[in-house]
Amino acid sequence: DAGITQSPRHKVTETGTPVTLRCHQTENHRYMYWYRQDPGHGLRLIHYSYGVKDTDKGEVSDGYSVSRSKTEDFLLTLESATSSQTSVYFCAISESSTGSSSAQYFGPGTRLLVL
Amino acid sequence: QQQVKQSPQSLIVQKGGISIINCAYENTAFDYFPWYQQFPGKGPALLIAIRPDVSEKKEGRFTISFNKSAKQFSLHIMDSQPGDSATYFCAASIRYNFNKFYFGSGTKLNVKP
């Protein structure tokens with residue numbers, strides 16, 4: 001988890017309210033990712049960023065938006081939280097490379113409960 | 001469509017035994033195959049990774065075996081210990097694709113003392 005923090009670490013919210021999760025890195029890595037983790041589904045990519053203000057959708061992006069105004073911060077917003085968005089959310093970072101793929105490094109996670 | 005299929009879903013091994021977790025993929029454009037270890041309440045941590053130009057990589061008690069023709073790779077944990085009890089995820093990544101990973105669904109390993 002070194003170099004990656006997520007806030008809040010735990011949150012309980014009500015259906016219909018907006019929620020913003022923050023990922024902060026001190027590694028100056030170019031790529032950042034948001035995943036959700038649910039039993040039986042492993043890790044599913046929500047959105048990712050390949051630079052400041054450069055973002056794109058992952059496989060489960062409906063109901064989520066992201067923003068990246070600085071290299072070190074990547075925000076995930078649930079526009080109107082639903083119970084199906086109850087999950088554990090992980091941020092990950094990765095260095096860019098000129099060719100081959102490389103490792104992603106994960107934050108400690110945010111546990112979100114939508115009532 | 002799941003890009004990486006992982007099995008088994010759960011595994012029980014006696015202390016000192018060998019734990020084997022398997023993953024299969026279809027996309028031959030994958031160029032990086034990492035394994036992650038996750039303890040309850042923690043984020044996944046990189047354990048070991050391999051590229052398709054080698055058939056095996058070993059780090060301590062952990063070995064990845066890679067079979068390019070069969071499009072399969074596996075994690076072997078030798079001399080399994082109770083401290084290895086965790087969830088393990090395989091993943092794969094495609095070159096020039098923003099380093100996006102496709103994860104398997106995970107294997108929960110329980111090593112009994």
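Keep in mind the model is a prediction, meaning the values are calculated, not measured. Below, each value reflects all heavy atoms present in this structure, side chains not excepted, and no hydrogens, waters or symmetry copies. Every chain is numbered from 1 and lettered A, B, ... according to where its sequence line falls, protein lines coming before strand lines.
Of the listed residues (A:S49, A:G109, A:A103, A:S94), the one with the most heavy-atom contacts under 4.5 Å to chain B is A:A103. Highest contact tally toward chain A, considering only B:G104, B:G106, B:S93, is held by B:S93 [criterion: heavy-atom pairs under 4.5 Å].
Cluster annotation: B:V54 is not connected to B:Y32 through the hydrophobic network of ILVMFWY side chains, with a link wherever side-chain heavy atoms come within less than 4.5 Å. Hydrophobic clustering (side-chain heavy atoms under 4.5 Å, transitive across Ile, Leu, Val, Met, Phe, Trp, Tyr) groups B:V13 together with B:I77. A:F106 and B:W35 are members of different hydrophobic clusters when ILVMFWY side chains are connected at heavy-atom separations under 4.5 Å. One hydrophobic cluster, built from ILVMFWY side chains closer than 4.5 Å, cannot hold both A:Y89 and A:L75; they sit in different ones. A continuous path of ILVMFWY side-chain contacts below 4.5 Å connects B:L109 to B:V4, so both sit in one hydrophobic cluster.
Residues A:G42 and B:F89 share a closest heavy-atom pair of CA-CE2, 3.6 Å. Contact detail for B:Q38 and A:F90: the closest heavy-atom pair is NE2-CZ, 3.3 Å.
You'll find the ring centres of A:Y35 and B:F103 inside the 6.0 Å limit.
Summarising the geometry, atom OG belonging to B:S105 is positioned 12.5 Å from atom CG belonging to A:D38; distances are rounded to the nearest 0.5 Å. One distance of note links OH of A:Y48 with CZ of B:F98; it measures 5.0 Å at 0.5 Å rounding.
Two residues are said to be in side-chain contact when any heavy atoms from C-beta on lie closer than 4.5 Å; B:Y36 and A:Q104 meet this criterion. Looking at heavy atoms from C-beta onward, B:Y102 lies out of side-chain contact with A:L45 at the 4.5 angstrom threshold.
If you measure heavy-atom distances from B:F101 to chain A, the contacts under 4.5 Å come from both the backbone and the side chain. Contacts of A:E59 with chain B are absent, with no heavy-atom separation under 4.5 Å from either backbone or side chain. The contact between A:R9 and chain B is made entirely by side chain atoms (from C-beta outward), counting heavy-atom distances below 4.5 Å. Residue B:K108 does not touch chain A at all, counting heavy-atom pairs closer than 4.5 Å.
At most 12 non-hydrogen atoms from other residues, nucleotides or ligands lie less than 6.0 angstrom from CZ of A:R111. At most 12 non-hydrogen atoms from other residues, nucleotides or ligands lie less than 6.0 angstrom from CD of B:Q9.
With hydrogens and angles ignored, the 3.5 Å screen pairs a side-chain donor or acceptor of A:Y33 with a backbone N or O of B:N99.
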